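Predicted, not measured: the structure shown is a model, and the values here were computed from it. What you see below is based on every heavy atom in this structure, not just the backbone, and it leaves out hydrogens, waters and symmetry mates.
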Amino acid sequence: MSATGGGTRRLLALFRWPRLLAAVSAGVLAELCAVGLMALAAWLLTRAADQPALSALSLAIVGVRACALARGAFRYLERLAGHDAALRVVAELRPVVFRARSGRPALRDGDALSRLVSDVDSVQELLLRGLFPAAIALVVATASTLACAAVVPAAGPVLAGGLLAAAVVLPACAALTHRRDRTAADRADLAVAAAELVDGARELAAFGALPAAVARAEQHAARLRRSDDASARTARALLACGIAVQGLTAAAVTWSALRAGEAQTGAAVAGFLALAAFEAVLPLTDAARRWTEQLPALRRVTELLAAPVPAPPRAGSDVLALHDVSVRYDRPALDGVDLTVEPGRAVAVVGASGAGKSTLLDVLAGLVTPTAGRVDRPETRAVTQDAHVFSATVRDNLLLAAPDADEARLERALEQAGLLDWVRRQPAGLDTAVGAAGRPLSGGQRQRLVLARALLADPDVLLLDEPTEALEPRLADEVLTRVLRARAGRTTLVVTHRLACLPRFDEVVVLDEGRIVQRGPHRALVATPGPFRDLWEAEALTDPAVRAQDDRTAAPRRSPGEGCANVDPAQPRGVLPRPHDDRTRTATARR
Ligand SMILES: Nc1ncnc2c1ncn2[C@@H]1O[C@H](COP(=O)(O)OP(=O)(O)OP(=O)(O)O)[C@@H](O)[C@H]1O
């Protein structure tokens with residue numbers, strides 16, 4: 001069986017069939033009531049023309065009323081049961097999909113995340129506007145054809161032919177035309193152009209490219225308008241075809257009944273019954289357009305479900321360990337990494353850009369499932385601290401990590417992250433509004449706020465990915481020093497490009513092209529010929545901060561309370577070469 005087949009099976013296993021059946025049954029009964037209503041009304045009208053005794057009509061009159069009332073009641077039940085069944089499926093599907101997704105590379109862009117959410121929602125759409133109408137149409141069309149054939153045998157095949165055209169040919173045409181429909185692609189192009197205009201307005205204006213970008217966006221808007229119009233024209237044409245097929249079939253059924261020698265009453269009943277039977281079938285044309293639209297989303301969901309469920313990391317261990325771990329994208333990001341971090345150790349992960357540092361942290365945090373190998377990590381509650389600052393006060397942003405923390409604890413965390421002075425300078429102090437609706441924070445302030453939040457969570461294992469990247473060198477070193485002091489005795493892994501603080505760590509892990517090429521205490525690495533020493537010496541030539549550290553490597557390791565270095569703040573510190581990288585990095589805390 002194909003991989004997607006496995007995903008379809010997993011998806012179908014989430015369906016609560018009795019509920020779905022109840023919804024379809026209510027829909028079928030509502031449509032049958034509509035067909036019955038029309039057939040009885042036709043019978044009443046033609047019989048009443050003969051002016052029979054009222055008693056001869058009374059049963060039909062009751063029948064018409066009963067059908068009219070029951071149709072409304074069943075329609076209501078269908079909506080209720082249908083939405084209940086569909087929402088339950090989606091509610092069960094959502095965690096399954098997100099769990100399946102959680103084993104993949106973290107979604108760092110909002111578009112991909114919102115597409116995942118809407119992909120799951122498309123299952124609800126498919127049930128309500130695809131599967132239910134199709135099942136209802138099938139039953140109602142079959143029952144109407146049989147009823148028609150029972151009234152006028154000759155009219156049965158005529159009705160069957162008309163219904164088949166409306167249920168199969170028109171939806172097939174709708175699906176085919178929709179596949180060529182450019183609306184979705186044009187809408188996406190316009191969204192991209194609009195987003196670029198908004199996000200890149202400053203750069204576009206600075207380079208004089210704004211008018212051209214606006215013109216491009218306008219072209220996309222015009223193209224979307226045209227394809228929207230074309231799509232609406234096709235939809236209207238198909239609707240008109242459906243109504244034409246309905247009318248022609250009803251006329252043909254009546255004519256064939258009369259031709260077969262049927263009385264006026266029988267012919268009218270068959271004709272009206274045919275007319276009503278189409279009411280359940282005509283929505284299939286629109287359903288087919290929706291199916292075509294939603295199918296890629298459904299395929300993405302089933303593919304995700306088809307992928308093997310990632311093995312959970314081995315819990316219960318108090319060491320953090322990777323065993324022969326590899327992560328492969330188009331090429332290996334990690335390649336056979338073995339790493340053990342004993343509890344309470346402070347470990348720095350260094351390496352050139354693209355060496356695999358962030359991937360290593362993501363694997364340790366459980367955000368990425370290795371392609372091969374095993375991860376052990378302490379059985380802890382994960383607290384993921386991404387770089388999002390909520391549109392709330394500083395206090396609220398912090399309390400997210402520790403709802404019970406008192407003011408002193410909040411201030412301590414802010415001090416450790418190097419943000420307390422700034423907060424104290426604000427008139428509203430801890431109640432300063434920040435984030436989208438409040439005061440916009442600088443990159444460094446924002447980074448320190450999320451760092452304070454991570455420290456406040458006080459996790460057993462703290463994973464930080466370049467936590468001081470946006471800070472100026474002196475502050476960066478000060479903050480890192482305070483963080484390590486605050487985390488003394490607690491496992492802390494820090495990805496960093498800065499070298500000046502490395503002597504403060506228990507161990508330095510050097511990554512290159514996805515492999516650990518060196519590891520050990522800073523002093524041992526500097527003393528050993530190898531990539532780290534080359535790097536360190538190269539930095540020492542140009543960087544007094546590293547040189548100052550270099551001079552000390554013979555001295556015993558300092559206590560956690562001491563700073564990184566006595567460096568001239570005016571001088572740039574030791575920094576590993578790092579090209580511009582605009583990917584959002586998250587500091588991750590686990591507990
Ligand atoms: N989600 C992803 N999809 C495809 N490739 C990826 C993904 N994440 C990382 N990579 C690739 O894996 C390799 C390692 O990336 P990683 O982000 O771990 O490097 P890094 O050492 O943290 O780099 P930097 O210091 O620039 O942040 C890179 O070649 C990168 O392009």
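Side-chain contact between R487 and L462 is present, with heavy atoms from C-beta onward closer than 4.5 Å. Proximity of L451 to L419: side-chain heavy atoms (C-beta onward) are nowhere separated by under 4.5 Å. Looking at V349 and F505, their side chains never come closer than 4.5 Å, going by heavy atoms from C-beta outward. Looking only at side-chain heavy atoms (C-beta outward), R504 and T481 come within less than 4.5 Å of each other. Counting heavy atoms from C-beta outward, V192 and L190 have side chains that stay 4.5 Å or more apart. Side-chain contact between T468 and L475 is absent, with no heavy atoms from C-beta onward closer than 4.5 Å. Considering only heavy atoms from C-beta on, L456 stays 4.5 Å or farther from L400 through its side chain. Inter-residue side-chain proximity for S326 and V337 is flagged as unmet; no heavy-atom pair is nearer than 4.5 Å.
Classification of K357 and E466 as a salt-bridged pair fails, no side-chain N sitting under 4.0 Å from a carboxylate O. A salt bridge is absent between R425 and D421: the closest approach of a Lys/Arg side-chain nitrogen to an acidic carboxylate oxygen does not fall below 4.0 angstrom. In this structure, D121 pairs ionically with R94, as a charged nitrogen and a carboxylate oxygen lie closer than 4.0 Å. Looking at R409 and D404, no side-chain N of the basic residue comes within less than 4.0 Å of a carboxylate O on the acidic one, giving no salt bridge. Taking a cutoff of 4.0 Å between a charged side-chain nitrogen and a carboxylate oxygen, R474 and E478 qualify as a salt bridge. Ion pair R374/D376 flagged as a salt bridge, since at least one NZ, NE, NH1 or NH2 atom sits closer than 4.0 Å to an Asp/Glu carboxylate oxygen. Using a 4.0 Å cut-off between a side-chain N of Lys or Arg and a carboxylate O of Asp or Glu, E411 and R424 qualify as a salt bridge. Between E507 and R345, at least one side-chain N (NZ, or NE/NH1/NH2) sits under 4.0 Å from a carboxylate O, which counts as a salt bridge. The pair R223-D186 does not meet the salt-bridge criterion, since no charged nitrogen lies less than 4.0 angstrom from a carboxylate oxygen. Between R88 and E92 no salt bridge is recorded (no basic side-chain N to carboxylate O distance below 4.0 Å). Between D458 and R490 there is a salt bridge, since a side-chain N of the basic residue sits under 4.0 Å from a carboxylate O of the acidic one.
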Evaluate the criterion side-chain contact (heavy atoms from CB on, under 4.5 Å) for residue pair L360 and L322; output intermediate values, then yes/no.
CA-CA 9 Å; L360 179 79; L322 302 182; 3.3 Å; yes
For a side-chain contact (heavy atoms from CB on, under 4.5 Å) check, start with the C-alpha distance between I516 and D338, then their side-chain angles and the critical distance, and finish with the verdict.
CA-CA 8 Å; I516 295 183; D338 284 298; over 6 Å; no
From CA spacing to verdict: side-chain contact (heavy atoms from CB on, under 4.5 Å), L463, V461
CA-CA 7 Å; L463 305 174; V461 177; 3.9 Å; yes
Could you go step by step and tell me if W422 and R448 meet the side-chain contact (heavy atoms from CB on, under 4.5 Å) rule?
CA-CA 11 Å; W422 177 83; R448 279 173 287 165; 5.6 Å; no
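L399 and A405 make their closest contact through CD2-O, 3.7 Å (heavy atoms, listed as atom of the first residue, atom of the second, distance). Between P503 and A500 the shortest heavy-atom distance is CD-O, 3.4 Å. Across every non-hydrogen atom of V423 and L430, the tightest pair is CG1-N, 3.7 Å. Taking every heavy atom of both residues into account, A527 and R533 meet most closely at O-NH1, 3.2 Å. Considering all non-hydrogen atoms of both residues, R453 and L398 come closest at N-CD2, 3.8 Å. Shown here for A392 and N397, the closest heavy-atom pair between the two residues is O-ND2, 3.9 Å.
Between the side chain of Q416 and the backbone N or O of L455, no donor-acceptor pair lies under 3.5 Å. Although no hydrogens or angles enter the test, the distance criterion places no donor-acceptor pair under 3.5 Å between the side chain of E415 and the main chain of L420. The closest donor-acceptor contact from the side chain of D506 to the backbone of V347 lies at 3.5 Å or more, if one exists at all. Under a 3.5 Å cut-off, the side chain of T371 and the backbone N or O of R328 do form a donor-acceptor pair.
Side-chain N/O atoms of D396 and T393 include a donor and acceptor closer than 3.5 Å.
How far CD of E293 is from OG of S122: 10.5 Å, rounded to the nearest 0.5 Å. Atoms CD and CG, from Q294 and L127 in turn, are 11.0 Å apart once rounded to the nearest 0.5 Å. Rounding to the nearest 0.5 angstrom, the gap separating the CG atom in D189 from the CD atom in Q219 is 11.5 Å. For the atom pair L441 CG and L449 CG, the distance stands at 6.5 Å (nearest 0.5 Å). For the atom pair CD (Q426) and CG (D431), the distance works out to 12.0 Å, reported to the nearest 0.5 Å. Residue L464 holds its CG atom at 8.0 Å from CG of L480, rounded to the nearest 0.5 Å.
Screening L334, L511, V325 for a side-chain contact (heavy atoms from CB on, under 4.5 Å) with T359, the sole residue that qualifies is L334.
Crowding of E513 atom CD: a count of heavy atoms from other residues, nucleotides or ligands under 6.0 Å not exceeding 12.
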